[in-house]
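Since the model is a prediction, treat every value here as computed from it, not as a measurement. Proteins come first, then strands; the chains are lettered A, B, ... in the order of their sequence lines, and each starts at number 1.
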Protein chains: 2
Amino acid sequence: MAVTIRDVARDAGVSASTVCRALSSPELVKAETRERVRRSASALGYSPNKAARGLITGRTGNLGLIVPDLANPFFPGVVKGIQARARELDYAVFVADTDEVPTAEAELVQALAKQVDGIVLCSPRMSESALRPLAEQTPTVLLNRRVSRIPSVTFDNLDGMRQAVAHLTALGHRRVAYVGGPRSSWSNRERLRGLRTAAAANRLELVEVGNVLPQFTGGIAAADLVLAADVTAVVAYNDLIALGLLSRFRARDVDVPGHISVIGIDDIAMSAMVHPPLTTVSSPVEQSGRAGVDLLLDLMENPDRTATARRELDTHLTVRGSTGPLHRP
Amino acid sequence: MAVTIRDVARDAGVSASTVCRALSSPELVKAETRERVRRSASALGYSPNKAARGLITGRTGNLGLIVPDLANPFFPGVVKGIQARARELDYAVFVADTDEVPTAEAELVQALAKQVDGIVLCSPRMSESALRPLAEQTPTVLLNRRVSRIPSVTFDNLDGMRQAVAHLTALGHRRVAYVGGPRSSWSNRERLRGLRTAAAANRLELVEVGNVLPQFTGGIAAADLVLAADVTAVVAYNDLIALGLLSRFRARDVDVPGHISVIGIDDIAMSAMVHPPLTTVSSPVEQSGRAGVDLLLDLMENPDRTATARRELDTHLTVRGSTGPLHRP
DNA sequence: CCACATTCCGCAAACGTTTTCATTCTTGAT
DNA sequence: ATCAAGAATGAAAACGTTTGCGGAATGTGG
């Protein structure tokens with residue numbers, strides 16, 4: 001039915017081997033025949049059968065991507081970045097969503113592993129001990145998390161937190177709350193760490209307010225705790241939580257930023273659309289996806305130099321309307 | 001390296017053919033040997049090589065999904081639905097994003113076609129004449145659009161609009177604006193049609209306000225036109241546009257719903273998170289994804305009965321804070 | 001005990017490509 | 001003219017599975 005390499009071979013008057021070489025190792029065949037083969041191939045509309053190629057080379061030409069929750073607006077950005085870069089390099093991408101269930105992750109990786117040449121894992125919650133065997137079995141790059149001997153691309157959370165604290169300090173705030181995300185999340189620990197050192201450096205009081213789901217409802221739940229903590233500003237683990245805070249503050253008639261300033265993290269699209277628009281620590285999500293693919297392909301070619309493969313991307317504070325100067329009571 | 005069907009055959013003391021049959025056509029082999037084979041298979045951790053199978057069967061076990069923009073919160077829902085259903089049926093899903101560029105759609109379909117057994121095409125802007133040859137070439141199911149002789153799953157836009165108009169009428173509104181989405185979009189035409197008939201039935205004046213991008217910025221742009229149109233309520237092509245309207249209204253100090261009522265369509269998560277929360281026509285997005293997969297598999301098995309394969313899902317109005325009774329000036 | 005249908009299973013071909021190995025052809029040095 | 005080295009190509013094996021065909025074993029009715 002479809003046109004095979006033999007059809008091209010016949011048309012070009014050469015053997016199948018030569019067609020194959022002309023198309024995938026051009027330097028091995030004389031320029032003249034190479035051209036003839038190429039013309040025949042495109043004339044017949046030949047495109048190599050992936051299954052046959054995969055059978056013999058053992059590679060699929062596919063990449064896997066695992067994210068905790070596509071509905072979290074943070075992830076479509078990285079999906080887009082990964083898609084775009086993968087397409088440029090002639091890879092197709094399987095996307096899987098774990099619905100924030102950490103146990104589903106390992107299962108999915110297992111299932112995907114056989115169908116892909118490598119995996120980009122956006123999986124902050126799985127334990128390191130579960131992670132490492134998976135990474136040894138299939139080339140794996142971690143996003144948003146660092147684990148020894150596994151390549152990763154992360155954001156510079158520490159510097160992001162430093163910028164946030166500097167901003168709040170400049171506005172006169174002296175006592176600030178942090179609404180934590182999932183306790184088991186690597187980036188949550190990292191952000192907290194960054195906040196602590198920055199707070200110490202600026203002689204700022206840091207109040208840690210529980211750990212909530214990294215979602216809008218988590219912010220709703222935390223809002224009252226924040227108000228009870230008697231702070232003048234609050235940093236949230238991510239924008240969704242920050243938006244929840246904003247919503248609940250409004251419901252309780254707490255003025256932002258008049259009475260309390262709010263800072264989120266991630267800079268999801270939504271954050272610029274609400275009122276007041278959210279001040280937030282922006283991360284180059286799309287770029288992180290692209291970087292992830294590059295690291296992964298690099299890893300697939302040189303399976304050894306894993307430890308060195310690590311990229312940390314810069315973050316920057318985007319100041320909008322949810323932060324303002326401290327009004328002394 | 002990996003364990004093959006022959007290893008299992010040797011372990012179970014049968015031929016490769018029998019192993020194959022025991023696993024994929026159980027009724028063809030005696031219960032006793034079937035069990036023996038199965039035990040050997042799972043003991044050795046055998047899993048069939050997809051490439052080899054694909055080479056001989058001509059099928060990949062993969063589905064393709066094409067969406068216009070993953071960043072539009074409407075789509076992650078359908079992606080999730082499709083993923084979930086596909087996984088249940090042992091299919092993996094390639095996801096591709098066209099970035100709202102209609103010409104990219106055809107290209108992507110072509111590229112995907114060879115790697116998948118079927119395609120779910122979401123909200124295509126592509127012309128019917130471009131669509132049909134693609135659908136003939138690869139099993140294709142349309143989401144959010146109906147084209148003759150191509151299976152599709154759609155939402156009952158007409159009834160959704162009827163409900164919206166009934167709601168506004170009950171609140172006393174007599175003159176309503178519609179902010180249209182892309183002119184080439186099937187659902188935009190459908191919604192407009194539903195609105196027109198419902199408006200006529202309720203003796204309501206309908207003012208059509210341009211066509212904008214189905215995004216937040218589109219709503220921003222349309223807001224001033226809406227105000228100039230001297231209406232007391234507005235229906236937007238989708239929630240993102242409605243949120244843009246809300247944002248611009250606030251900026252111009254126009255009270256919602258006091259001065260004007262706003263209705264969106266889709267019920268994306270964000271719509272419940274803003275202030276005032278958005279009244280909107282909810283669609284069962286996740287269910288639409290699942291239905292799409294079911295239709296697609298059905299189509300793959302019976303490539304003929306395309307015309308009958310068509311599902312229309314119910315919508316319902318979710319009333320929140322952005323609509324209210326008409327205050328006579 | 002035979003004829004025959006039925007069930008179960010093994011053999012071998014086939015899928016379309018890549019790759020090893022051998023062969024032929026070209027080239028340049030002796 | 002001869003030979004070696006290297007370039008260019010073809011033949012054939014290999015990848016792991018599915019499946020048509022036929023043979024063996026088993027069961028059934030006469």
Minimum-distance nucleotide (side-chain atoms of B:S17 versus C:dC21, D:dG16, C:dG10): C:dG10

Closest to side chain of B:C20, choosing from D:dG16, D:dT19, D:dG10: D:dT19

Out of C:dT19, C:dT17, D:dT19, whichever nucleotide has its closest atom nearest the side chain of A:T57: C:dT19

Gap between atoms CG and P, on A:L23 and D:dT9 respectively (whole Å): 13 Å

Euclidean distance, atom CZ of residue B:R53 to atom C1' of D:dG16 [Å, nearest integer]: 11 Å

Nearest heavy-atom neighbours spanning B:S123 and B:N144: OG-ND2, 3.2 Å

Spacing of B:R10 atom CZ relative to C:dC9 atom P, expressed in whole Å: 19 Å

Whichever of B:R34 and B:A52 has its nearest DNA chain C nucleotide further upstream toward 5': B:R34

Integer-rounded Å distance: C:dC9 P and B:E27 CD: 13 Å

DNA chain C: 5'-proximal contact among B:T33 and A:I56 (nearest heavy atom): B:T33

Between C:dT26 (C1') and A:E32 (CD): distance, integer Å: 14 Å

Selected nucleotide, minimal atom distance to A:R21 side chain, candidates C:dT20, C:dG10, D:dT18: C:dT20

Rounded distance in Å - CZ (B:R36) to C1' (C:dC8): 12 Å

Euclidean distance, atom NZ of residue B:K50 to atom P of D:dT17 [Å, nearest integer]: 13 Å

For A:D117, the option from A:T60, A:T57, A:T138 that meets side chain to side chain donor-acceptor pair (under 3.5 Å): A:T60

Nearest-neighbour nucleotide for the A:N49 side chain, D:dT17, D:dT9, C:dT17 considered: C:dT17

Short N-O contact, B:R290 and B:E286, less than 4.0 angstrom: no

Carboxylate-amine/guanidinium contact A:D11 A:R39, below 4.0 Å: no

Whole-Å distance separating the CG atom of A:L28 from the C1' atom of D:dG6: 13 Å

Nucleotide of D:dA11, C:dT17, C:dG16 approaching A:I5 most closely (side-chain heavy atoms): C:dT17

Ion pair check, B:R125 and B:E100, cut-off under 4.0 Å: yes

